[in-house]
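A short write-up of the structure that comes next.
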Amino acid sequence: LSGRAFQPTDTAGAQPVVLINRALANTVFAGTDPVGRRIRIVNPEYENDWRTIVGAVGDVQYRRLHPDRQPTIYVPFSQTPFMWAYVMVRTTGDPSALTRSIKGIVQGVDPNLITAPARPMTEIVSGTVAEPRLSMLLVAGFALLALILASVGIYGVIAYSVSQRTHELGLRMALGAARVGVLAMIVREGVLTAAIGIVMGLGAAALATRMMQDLLVGITPRDPLTFAGGAVLLLLIAAAASYLPARRATRVDPMVALRAE
């Protein structure tokens, strides 16, 4: 983001330098350029470990899909060697087939080095998302159950309401109303009633989705396609719930409908 990256000249005998990420720069050096400033690494192994910031980099997602946004520093390995390191190898074939070759190469560099078991990146990523995946499966299961209950409820209420209007429908047709016109009126009223409820439900859902912020990756809690898809589905159910009983009622002879209790 600013400054420079590590150079081959950043060796053990050179001036100690570090890179910092955006989160640390915004926390400690908000509003100013951190390049050229000094920062101390508090570590019992390194006394008076003051280092010069030579560059700022973006935030990196290390342990999960969501950005960590944790203050982070990077040091040249030659200036601060670690007892262990990760090595990532890219391949187009089966990763497990390279395990023995990789260990052989490491042993060829230094027989005293110990290599930990190699793991494919798909396995690492899968383990990282296991907990959020389980949470989302539970949420999706309850959401599907709620959708089914809402669909059955909408259908049952509208169907019962239409069936109670059999006498009214017979009277309308006896006075000359066309079956198609009566059918369209019933469907329109049912869909309009459902639409009012759906709009109110979408408002409540928009507020409730804030609780799912940490479970979503790649989409926002107020994803337009998701909201639109749910609304359209419920509208279709309301239309079917209005159409089917209204269709049965309009097929009844008007005189029979007028005698209906």
Side-chain angles (χ1 to χ4, degrees), residues 1-92 95 98-99 102-103 105-133 135 210-222:
L1 302 178
S2 63
R4 66 171 178 85
F6 293 137
Q7 303 294 335
T9 55
D10 296 324
T11 59
Q15 178 187 23
V17 295
V18 295
L19 299 176
I20 65 173
N21 68 337
R22 180 188 286 110
L24 180 58
N26 292 338
T27 302
V28 182
F29 306 104
T32 61
D33 186 3
V35 176
R37 307 288 291 272
R38 301 183 68 204
I39 189 171
R40 182 183 180 187
I41 302 179
V42 181
N43 189 325
E45 298 181 7
Y46 303 96
E47 297 182 0
N48 300 322
D49 196 13
W50 286 93
R51 305 198 177 204
T52 302
I53 300 173
V54 294
V57 299
D59 299 330
V60 177
Q61 300 166 219
Y62 280 110
R63 298 176 179 85
R64 56 177 185 166
L65 295 180
H66 291 282
D68 290 335
R69 291 189 174 86
Q70 295 180 353
T72 306
I73 63 172
Y74 300 91
V75 297
F77 185 83
S78 58
Q79 294 185 352
T80 310
F82 299 98
M83 296 180 61
W84 47 266
Y86 290 109
V87 176
M88 288 175 284
V89 180
R90 183 189 298 273
T91 177
T92 57
L98 293 178
T99 302
I102 294 173
K103 289 185 176 181
I105 294 173
V106 172
Q107 293 297 316
V109 174
D110 186 346
N112 296 321
L113 292 178
I114 298 176
T115 56
R119 299 172 59 194
M121 187 60 68
T122 52
E123 178 182 330
I124 296 175
V125 174
S126 178
T128 301
V129 301
E131 183 176 348
R133 181 188 289 123
S135 301
R210 291 183 178 180
M211 297 183 293
M212 301 176 59
Q213 180 74 42
D214 293 337
L215 299 178
L216 302 179
V217 177
I219 60 174
T220 63
R222 298 178 181 85

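Judged as a salt bridge (Lys or Arg N to Asp or Glu O under 4.0 Å), not a single pair has a partner in residues 72-89 (not counting sequence neighbours).
Once rounded to the nearest 0.5 Å, the distance linking CG of D49 with CZ of R40 reads 8.0 Å. A distance of 5.5 Å separates CZ of F29 from CD1 of I39, quoted to the nearest 0.5 Å. I53 CD1 to L24 CG: the interatomic distance, rounded to the nearest 0.5 Å, is 6.5 Å. Once rounded to the nearest 0.5 Å, the distance linking CD of Q70 with OG1 of T27 reads 11.0 Å. In this structure, CG in D10 is found 5.5 Å from CD in Q79, a value given to the nearest 0.5 Å.
Contact of the V54 side chain with the Q7 side chain is not registered, since no non-hydrogen atoms from C-beta on lie closer than 4.5 Å. Residues V75 and I41 meet the side-chain proximity criterion, which asks for heavy atoms closer than 4.5 Å.
Nearest heavy atoms, I20 versus P34: CD1-CB, 3.7 Å. In plain terms, the two heavy atoms of A23 and P71 that are nearest each other are CB-N, 4.0 Å. A pairwise comparison of heavy atoms in V35 and S2 identifies CG2-OG, 3.6 Å as the closest pair. Annotation for Y74 and F6: closest pair O-CZ, 3.2 Å, computed over non-hydrogen atoms. Scanning both residues, R22 and D59, for their nearest heavy atoms gives N-OD1, 3.3 Å. Contact between V57 and L19 at its shortest, heavy atoms only, is CG1-CD1, 4.3 Å.
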Please report the C-alpha distance between R51 and I73 in whole Å, then the side-chain angles of each, then the deciding distance to 0.1 Å, and finally whether the side-chain contact (heavy atoms from CB on, under 4.5 Å) criterion is met. CA-CA 11 Å; R51 305 198 177 204; I73 63 172; over 6 Å; no
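Atom CZ of R4 sits in a crowded spot, with more than 12 heavy atoms from other residues, nucleotides or ligands closer than 6.0 Å.
Taking the salt bridge (Lys or Arg N to Asp or Glu O under 4.0 Å) definition, one finds that R119 meets it with E123, sequence neighbours left out.
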Using a 3.5 Å cut-off and no angle test, enumerate the donor-acceptor pairs between side-chain atoms of residues 109-118 and protein atoms at least two apart in sequence or in another chain.
{"residue": "D110", "atom": "OD1", "partner": "N112", "partner atom": "N", "Å": "3.0"}

